[in-house]
Amino acid sequence: MPDVSSGDPAGFDRYGVIGYPVSHSRSPVIHQLFALQTGQQLRYELLQVAPEKLEQAVRQFQRTGGKGLNVTVPHKTAVTDLCDQLSERAEQAGAVNTLAFQDGEIFGDNTDGIGLTRDLEWNLGFPLQGRRILILGAGGAALGIVGPLLARRPAALVVANRTRDRADAVVKRFGHGMLSACAFDDVPAEAPYDLVINATSAGLKGETPPYPDAAVGAGTLCYDLSYGSKPTPFMLWSRDQNAGAAVMGWGMLVEQAAESFHLWRGIRPSTAPVLKQIVVSA
Ligand code: NAP
């Protein structure tokens with residue numbers, strides 16, 4: 001007898017990703033591959049929801065038996081208000097990328113930071129300790145990665161944002177001596193950074209903001225949180241600056257998804273084969 005309370009005719013547990021826009025998301029493919037690999041039965045949906053409908057959509061998903069949601073641009077900070085409980089890392093970030101619905105309550109977690117540091121250190125062999133790091137952007141994704149990056153003890157961490165106030169707010173939130181804020185045209189660049197992370201959503205709209213040229217040199221790794229089947233505008237800009245290397249955020253996407261999957265299902269999938277598969281099929 002199928003479990004009709006789950007809202008799924010086959011009785012599969014339901015998950016999804018909520019965002020605006022969300023059609024570009026590869027999370028459904030990744031979670032289906034994890035499910036296949038670990039023998040779990042679940043469905044994973046795309047929920048395109050405008051900011052003013054966020055609460056209604058989350059509560060409806062919960063009411064109809066949904067088990068968990070990933071949260072993407074631009075909802076990561078707003079969704080914290082809907083959570084009954086937050087993990088320590090979500091509390092620290094003030095941003096949530098994973099919701100788990102349990103016993104009528106909403107638990108919020110943030111797996112973005114661990115996803116990024118695992119990709120950089122484990123997959124790309126780029127140790128973070130002692131590095132000078134620049135983050136471009138101060139939205140929900142930037143909030144999620146600052147804490148885990150600081151925990152790796154970089155030499156400096158600068159947050160630059162189009163809207164300076166938002167970068168200031170990130171620094172105030174974390175209150176760490178290694179962290180500073182500035183606007184794009186104000187980036188301290190006495191020497192190129194070891195790592196420049198694009199955490200803006202500009203690429204989603206095909207835009208290339210005036211990123212700070214002097215921040216990039218031959219020894220810089222440019223890492224775009226955004227990803228696509230073709231090089232993103234930030235990747236193209238990085239190559240124009242003769243960056244040492246430029247990569248898209250596929251690895252982070254798979255690593256953060258694995259951490260969400262672990263939270264939801266209690267099983268940690270193996271990420272390497274899934275990463276290989278989604279990059280090849282992009
Ligand atoms: P968000 O909360 O909406 O923040 C957007 C950020 O982008 C803000 O800092 C905003 O600056 C900046 N921005 C947008 N358009 C811009 C433009 N034309 N010029 C300069 N700055 C611009 O979004 P988010 O949740 O942080 O997500 C950011 C990006 O990271 C998205 O593309 C998302 O897909 C990606 N992401 C990827 C992963 C992964 O696993 N690979 C994980 C998380 C996020 P203002 O403050 O000035 O508006």
Side-chain angles (χ1 to χ4, degrees), residues 17-31 46 48-51 54 70-80 89-90 93-98 109-120 123-124 134-146 148-149 158-171 173 181-187 197-212 222-228 232-235 237 247-261 271 274-275 278-279 282:
V17 54
I18 189 164
Y20 194 75
V22 82
S23 55
H24 67 283
S25 174
R26 301 303 305 269
S27 293
V29 181
I30 294 169
H31 282 281
L46 282 177
Q48 167 118 339
V49 174
L54 176 67
N70 284 129
V71 182
T72 188
V73 55
H75 300 315
K76 288 183 184 188
T77 49
V79 85
T80 56
R89 56 196 178 186
V96 158
N97 81 332
T98 308
D109 194 3
N110 195 316
T111 67
D112 277 340
I114 190 122
L116 175 67
T117 57
R118 279 189 185 155
D119 190 38
L120 284 165
N123 301 338
L124 300 170
L134 172 65
I135 300 176
L136 304 168
L143 281 165
I145 64 176
V146 164
L149 286 172
V158 179
V159 178
N161 197 44
R162 173 177 64 180
T163 310
R164 168 71 196 254
D165 290 357
R166 270 181 108 182
D168 287 334
V170 173
V171 171
R173 173 163 204 100
C182 61
F184 277 178
D185 55 7
D186 213 10
V187 171
I197 298 169
N198 178 33
T200 75
S201 57
L204 283 180
K205 300 168 263 179
E207 293 167 356
T208 310
Y211 296 126
C222 287
Y223 190 104
D224 197 350
L225 262 49
S226 299
Y227 50 85
T232 57
F234 178 74
M235 293 275 292
W237 173 83
V247 295
M248 294 192 278
W250 289 111
M252 171 178 174
L253 182 73
V254 172
E255 296 295 343
Q256 62 79 30
E259 192 72 6
S260 300
F261 192 91
T271 51
V274 174
L275 178 56
I278 63 151
V279 172

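Remember, predicted model here, so these are calculated numbers, not experimental data. Start at 1 with the first residue, then count along the sequence. Whatever order the structure lists them in is the order used to number ligands and atoms, beginning at 1.
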For [atom], which of [options] has the closest heavy atom?
| atom | options | value |
| --- | --- | --- |
| atom 17 (C) of ligand 1 | R26, R162, R164 | R162 |
| atom 47 (O) of ligand 1 | T208, V22, T163 | T163 |
| atom 15 (N) of ligand 1 | E207, E255, K205 | K205 |
| atom 43 (C) of ligand 1 | H75, H24, K76, Q256 | K76 |

Can you tell me how far [atom2] of [Y] sits from [atom1] of [X], rounded to the nearest 0.5 angstrom?
| X | Y | atom1 | atom2 | result |
| --- | --- | --- | --- | --- |
| D224 | F234 | CG | CZ | 6.0 Å |
| L136 | C222 | CG | SG | 8.5 Å |
| T111 | R89 | OG1 | CZ | 6.5 Å |

Quick check on contacts: which atoms of ligand 1 are under 4.0 angstrom from a heavy atom of [X]?
| X | value |
| --- | --- |
| G137 | 9 (O) |
| S226 | 32 (O) |
| A138 | 9 (O) |
| N161 | 8 (C), 9 (O), 11 (O), 45 (P), 46 (O), 47 (O) |
| P74 | 3 (O) |

Minimum heavy-atom distance [X]-[Y], with the two atoms named:
| X | Y | result |
| --- | --- | --- |
| L253 | S27 | CD1-OG, 4.3 Å |
| D112 | M252 | O-CE, 3.5 Å |
| E259 | I114 | CG-CG2, 3.8 Å |
| T271 | A258 | CG2-CB, 3.5 Å |
| V158 | C182 | CG1-SG, 3.8 Å |

Self-check item: S201 side chain vs L204 backbone, donor-acceptor pair below 3.5 Å
Solution: no
Nearest protein heavy atom with distance in Å, relative to [atom]:
| atom | answer |
| --- | --- |
| atom 29 (C) of ligand 1 | T200 O, 3.4 Å |
| atom 5 (C) of ligand 1 | S201 OG, 3.4 Å |
| atom 3 (O) of ligand 1 | V73 CG2, 3.4 Å |
| atom 19 (N) of ligand 1 | P209 CG, 3.1 Å |
| atom 4 (O) of ligand 1 | G139 CA, 3.4 Å |
| atom 8 (C) of ligand 1 | R166 NH1, 3.6 Å |
| atom 24 (P) of ligand 1 | A141 N, 3.6 Å |
| atom 42 (C) of ligand 1 | M252 CE, 3.4 Å |

Quiz item: Taking non-hydrogen atoms only, is L225 closer than 4.0 angstrom to ligand 1 via side chain, backbone, both or neither?
Solution: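 Near ligand 1, L225 shows its backbone as well as its side chain.
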Looking only at distances, please establish whether an N/O atom of ligand 1 is found under 3.5 Å from an N/O atom of [X].
| X | answer |
| --- | --- |
| G249 | yes |
| G140 | yes |
| Y227 | no |
| L204 | no |

Modelled atom types, side-chain donor and acceptor of [X] and [Y], under 3.5 Å:
| X | Y | value |
| --- | --- | --- |
| N70 | S260 | yes |
| T163 | D165 | no |
| N123 | E255 | yes |

Quiz item: Is there a side-chain contact between V96 and D109, using heavy atoms and a 4.5 Å cut-off?
Solution: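 Not in contact.
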Quiz item: Under 30°, 30 to 60°, or over 60°: which ring-plane class applies to F261 and H31, parallel, tilted or perpendicular?
Solution: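 Answer is parallel, since the angle falls under 30°.
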Quiz item: Does A199 have a non-hydrogen atom less than 4.0 Å from ligand 1?
Solution: yes
